[in-house]
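Remarks on the structure that follows.
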Amino acid sequence: MKNILLSKLKESVISVFPITLIVIALNFTPILNLTIVEVIAFSVCAVFLIMGMALFNLGADVAMTPMGEKVGFGLVKRGSLSLLLIVCFCLGLFITIAEPDLTVLADQVSDIVNNTVLIVIVGLGVGLFLLICVLKIVFKKDLSQLLLFFYMVLFAISAVIIQNGNGSFLPLSFDSGGVTTGPITVPFIMALGVGLASAVGGKGSRENSFGLIAMCSIGPILAVACIGLFGSVGTIDTPTYATVADSLGLHLFESILTIAKDVAIALGIIVVFFLLLNLVFLKIKKAELIRILIGIVVTYIGLVIFLSSVHVGFMPVGYKIGQHLADFHPVVLCVAGFVIGMVVVLAEPAVHVLNKQVEEITGRSVKKSSMMIALSVGVGISLCLSMIRIVFGFSILYYLIPGYAISLGLSFFVPKIYTAIAFDSGGVASGPLTSTFILPLAVGACVALGGNVMADAFGLVAMVAMTPLISIQLLGFKAIVTQKVRDRIAMRRILDFDDMQIINFM
């Protein structure tokens, strides 16, 4: 395990170093002016971020992924569809309620929606759509058709919300879909899909195992949109973020305890579910069960360190960077947004879990490096477009409608495996760094430009979740074109060889 941990540390350093370097480099330009305390705190938090990310990824490999696979495989083998549906609905509901990313978002919009109400509604949305995902896997339904149907329903509801005068509420609805697929839920839900698909078997089981993250991202959007559909929505005050000095002061210990408690609740729910299922149905061997429990402890420690580092050092610095970039020049804000977006996705822990599983399940036909490049470019573009929207103040639907139209259109031309991976990647890319570093950056820029925070800054998480849908599917389209070119070259060589044989014979 020591060698594996060293490998995870190396991956984490490569992931976190670019964004750390960019922030420190910006401080040596006229654009940004961080204090010595802020620079030191940010650098120290980056080191702890690396440690936390490495431990989390190790724990996910040892515990979260095996747990999800065994639950999915074991429940299907029991042969009771009703039991499978009930367990998956409850699982989706409870782990979403405890997801730290969702709590962060709910706290920032508590002026217009009660925290508890928003979290429960989002949890119900995830639970319902996880149930739909199970039916999709069991009955082997096409993911593209399901996505097309539900997004058509979603945009129809969006049109009614705009007509009711609650259009500024839509960005929050779409952001809710992104934050629910956080570092705790992603490894478990993805592995659950692999386990279910393996147990169901049959042709196309690889493609059938993906898509759970994509579907579970739609549920919260529809659920939260219903608030704007049936009720009036107020305005939001400018969110306030603690400075680095405040975070390092009296609130430091309190923040870490809160994070530790939230993560304990989130992981605790999954562990209790798993132990109950194991006691009644799964009957896993004792040695393997102990290994999984040790992995859960490692996951817990890593996630607490990761989230504490992000909240203390990255959130306040992100807000300040957004303000300074917007004050300096809007063009610089947009360019910096693209660069920051490209490197931030490297530090999302769940992205590495996804890329590893994709490479394993596809037999390396889809490589981690190709996935990471496509995700980085997609998230970079999304952040750049979001900064442009903040500068000019137009509706997010001008991006989302054509963006999802392109995404869904591509799904009918690229291999199904790429479509499933792409829509899962969208939810995974919008992880804790997006909600605690990129979103505060957008809010800071919006405040500096005098924009409407609710309408213009929120929606960024939705953009981060959307652009990988296009970039990953374009990767699949490139694979098709490349294969056709190779086939033509191979056929030409065969024909040329046959011609030479005929000439030689004559």
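Owing to the predicted nature of the structure, the values given are computational and were not obtained by experimental measurement.
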Sequence-distant partners of Phe437, ring pair (Phe, Tyr, Trp, His ring centres under 6.0 Å), two or more places apart: Phe314
Residues which pass ring pair (Phe, Tyr, Trp, His ring centres under 6.0 Å) with Phe394, listed by chain and number, not counting sequence neighbours: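 Tyr399.
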What donor-acceptor contacts under 3.5 angstrom involve side-chain atoms of residues 143-163, with partners at least two apart or in another chain?
{"from": "Ser158", "atom 1": "OG", "to": "Leu154", "atom 2": "O", "distance (Å)": "2.9"}

Using the test side-chain hydrogen bond (donor to acceptor under 3.5 Å, both in side chains), find all partners of [X] that sit at least two apart in sequence or belong to another chain.
X      : result
Thr434 : Glu348
Thr258 : none
Asp61  : Lys8
Ser369 : none

Contacts of type salt bridge (Lys or Arg N to Asp or Glu O under 4.0 Å), residue Glu359, not counting sequence neighbours: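 Expected list: Arg364.
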Using residues 116-126 as the side-chain source, report each donor-acceptor pair under 3.5 Å to any protein atom, sequence neighbours left out, with the distance given to one decimal.
none

Anything under 3.5 Å between a donor and an acceptor, one on a side chain of residues 371-381, the other on a protein residue two or more places apart or in another chain? List them.
{"from": "Ser376", "atom 1": "OG", "to": "Met342", "atom 2": "O", "distance (Å)": "3.3"}
{"from": "Ser376", "atom 1": "OG", "to": "Met372", "atom 2": "O", "distance (Å)": "2.9"}

All side chain to side chain contact (heavy atoms under 4.5 Å, CB included) counterparts of Lys77, not counting sequence neighbours: Phe73, Ala199
Sorted by chain and number, sequence neighbours left out, side chain to side chain contact (heavy atoms under 4.5 Å, CB included) with Ile86 holds for Cys90
